[in-house]
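Report on one structure; see the data block that follows.
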2 protein chains.
Amino acid sequence: MLAAHTDETVRGTRATGQESNSLDQRMAYATVRRLRAKEHVFCEGDEREHVFRVEEGVIAVYKTLPDGRRQIIDFAYPGDLIGLGVIGEHVLSAQATAPSKVRCLAAAALERIAETDAGLALKLYKAVCQELAATRSLLVTVGQRSAIERVAAFLLSLHRRTAPEGAATINLAMRRSDIADLLGLTIETVSRTLTKLRCMGVIDLEQGATRVRLCDLPHLLELANE
Amino acid sequence: MLAAHTDETVRGTRATGQESNSLDQRMAYATVRRLRAKEHVFCEGDEREHVFRVEEGVIAVYKTLPDGRRQIIDFAYPGDLIGLGVIGEHVLSAQATAPSKVRCLAAAALERIAETDAGLALKLYKAVCQELAATRSLLVTVGQRSAIERVAAFLLSLHRRTAPEGAATINLAMRRSDIADLLGLTIETVSRTLTKLRCMGVIDLEQGATRVRLCDLPHLLELANE
DNA sequence: CGGTACTTTGATTTCCTTCAATCACCGTGG
DNA sequence: CCACGGTGATTGAAGGAAATCAAAGTACCG
């Protein structure tokens, strides 16, 4: 936890607008890149030149094992930052699961500024802390929960992070295989679990399995085990 | 459960505003707390007053679910910081798995200094990035690997983080239940897997199952799948 | 339409968990 | 010194949750 090592994704800080706004300033000048579904933002081994902020869509940040198994570390939604904290090469890959837009920031410049701008450095710190909390939460889910608990927890976190206030319907914007690789399950198990939740009356699947209506949030919360 | 914080006065150093070594400076004045095996450094829900640096022993940082299941997020070894990046209350618990010593730093003071000291802020940022990388690596292990791969990966990471240069023997300094809760397995599976590794001639168990000699590192690396 | 990519559902297998018993280690006190 | 109780580790047998294998169903797009 000390020592110099590399690192990657980070969730965006809430747009405070106050304090040091070096980050926001640079955002305004950054170019936007459009991505089709399945297109990569960067790959493991790529030189790390930019930090990205998701503007639209969903970006899956993941790690692949030599034999092809894949663990998705996080889905980045609009407002989230990815690519922070890396020295040298990327150790993770990032891929759009749906058509997306990202804003590109020169990484070197950002960190050079942070060396003298405590406000910006603190902002980066907070952003990474938030990302760490999310990763820990996923670790608990994957390490301790059953399939139905994992899926319930995933739906709830998606709801919390992307649904507008009060909306009960969430847009998956990703395939079953993405959910499976996030939760450490297979696509078959994800599919079976979703149908089980539907039969229980907790959720409803709409529009060719891409949209999910959370009919019974309390029950879903209970199933997720907090 | 609240740990007694009787001996924790951090002697009054003033914020020097000096760059890179504010952290080390404060370390020098911080008091050391001794912990017995199983004693808690802090618990979920405790007010977060300090950041700790492990001086000796092993501290397990973990999260418990309402029904008692436990996921260890990380083992902190000498040199590691714990308790960073928390606002308000602790959401995790930290417990010594063996007799340990930690150095206590006032969290509020540390972060107040970071507000104007970019060097310190950047240091905190790097430390959290480091921790994030470790957590992600564990997530990949727990989400994708089989029991034998998990145990092999654990032994290797323990070796990397704690073994002196060239040493092939590692000291577990924790129970099977701690390893199980880290890897998302049961104590029985951990035990069986260790004996299987012993039968394969990859490791050797010494001193009442608390020390492990890694006889065949290349094979272990292969088993861990990178 | 026809083809592709993705999802769902079913049958079977596997790995890990659960339950249960035994064993080993260690400090204590008779 | 050794019987003892307690904690933790190991081992075995049985059961179960999810993986794997296989096939059919469904949406999408040229």
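When each of A:G208 and A:V190 is assigned the nucleotide of DNA chain D bearing its nearest heavy atom, the one mapping closer to the 5' terminus is A:V190. For the pair B:R175 and B:R192, nearest-nucleotide mapping onto DNA chain D gives the more 5' position to B:R175.
At D:dA18, none of the side-chain N or O atoms of A:T189 fall inside 4.0 Å of OP1 or OP2 (strictly under the cut-off). B:T195 has no side-chain polar atom (N or O) that falls below the 4.0 Å cut-off from OP1 or OP2 of D:dT10. Residue B:K196 places no side-chain N or O under 4.0 Å from the OP1 or OP2 atom of C:dC16. In terms of phosphate contacts, A:S191 brings no side-chain nitrogen or oxygen within less than 4.0 Å of OP1 or OP2 of C:dT9.
Residue B:L205 is classed as a sugar-phosphate contact, given heavy-atom separations below 4.0 Å to backbone atoms only. B:L194 comes within 4.0 angstrom of no nucleic acid atom, judged by non-hydrogen atoms across all strands.
For the pair A:N225/B:P66, a side-chain contact is recorded, criterion being any heavy-atom separation below 4.5 Å from C-beta on. Contact of the B:R70 side chain with the B:I72 side chain is registered, since non-hydrogen atoms from C-beta on lie closer than 4.5 Å.
Separating the CG atom of A:D178 from the C1' atom of C:dA5 is a distance of 13 Å, rounded to the nearest angstrom. Per the geometry, CZ belonging to B:R145 stands 18 Å off C1' belonging to C:dC15, to the nearest Å. The interatomic distance linking B:L197 (CG) with D:dT11 (P) rounds to 13 Å, in whole Å. The separation between A:L172 atom CG and C:dC6 atom P is 15 Å, rounded to whole Å. A straight line from CD1 of A:I187 to P of D:dA19 spans 11 Å, rounded to a whole angstrom. Nucleotide C:dC15 holds its P atom 17 Å from the CD atom of B:Q144, rounded to whole Å. To the nearest angstrom, P of D:dG8 lies 20 Å from CZ of B:R211. Note: CD (B:E149) to C1' (C:dC15) measures 12 Å, nearest angstrom.
The base of C:dT17 does not come close enough to the side chain of B:R69 for any donor and acceptor atom to sit less than 3.5 Å apart. Residue-to-nucleotide contacts include a donor-acceptor pair under 3.5 Å from the side chain of A:E188 to the base of D:dC21. You won't find any donor-acceptor pair under 3.5 Å spanning the side chain of A:R176 and the base of D:dT26, going by distance alone.
A donor-acceptor pair under 3.5 Å is absent between the side-chain atoms of B:Q144 and the main chain of A:R69, judged by distance alone.
Side chains of A:E188 and A:S191: a donor-acceptor N/O pair is absent below 3.5 angstrom, by distance only.
Between D:dT10, C:dT9, C:dT17, one nucleotide has an atom nearer to the side chain of B:L185 than all others, and that is C:dT17.
The minimum heavy-atom distance linking B:R145 with B:A224 is given by the pair NH1-O, 2.8 Å.
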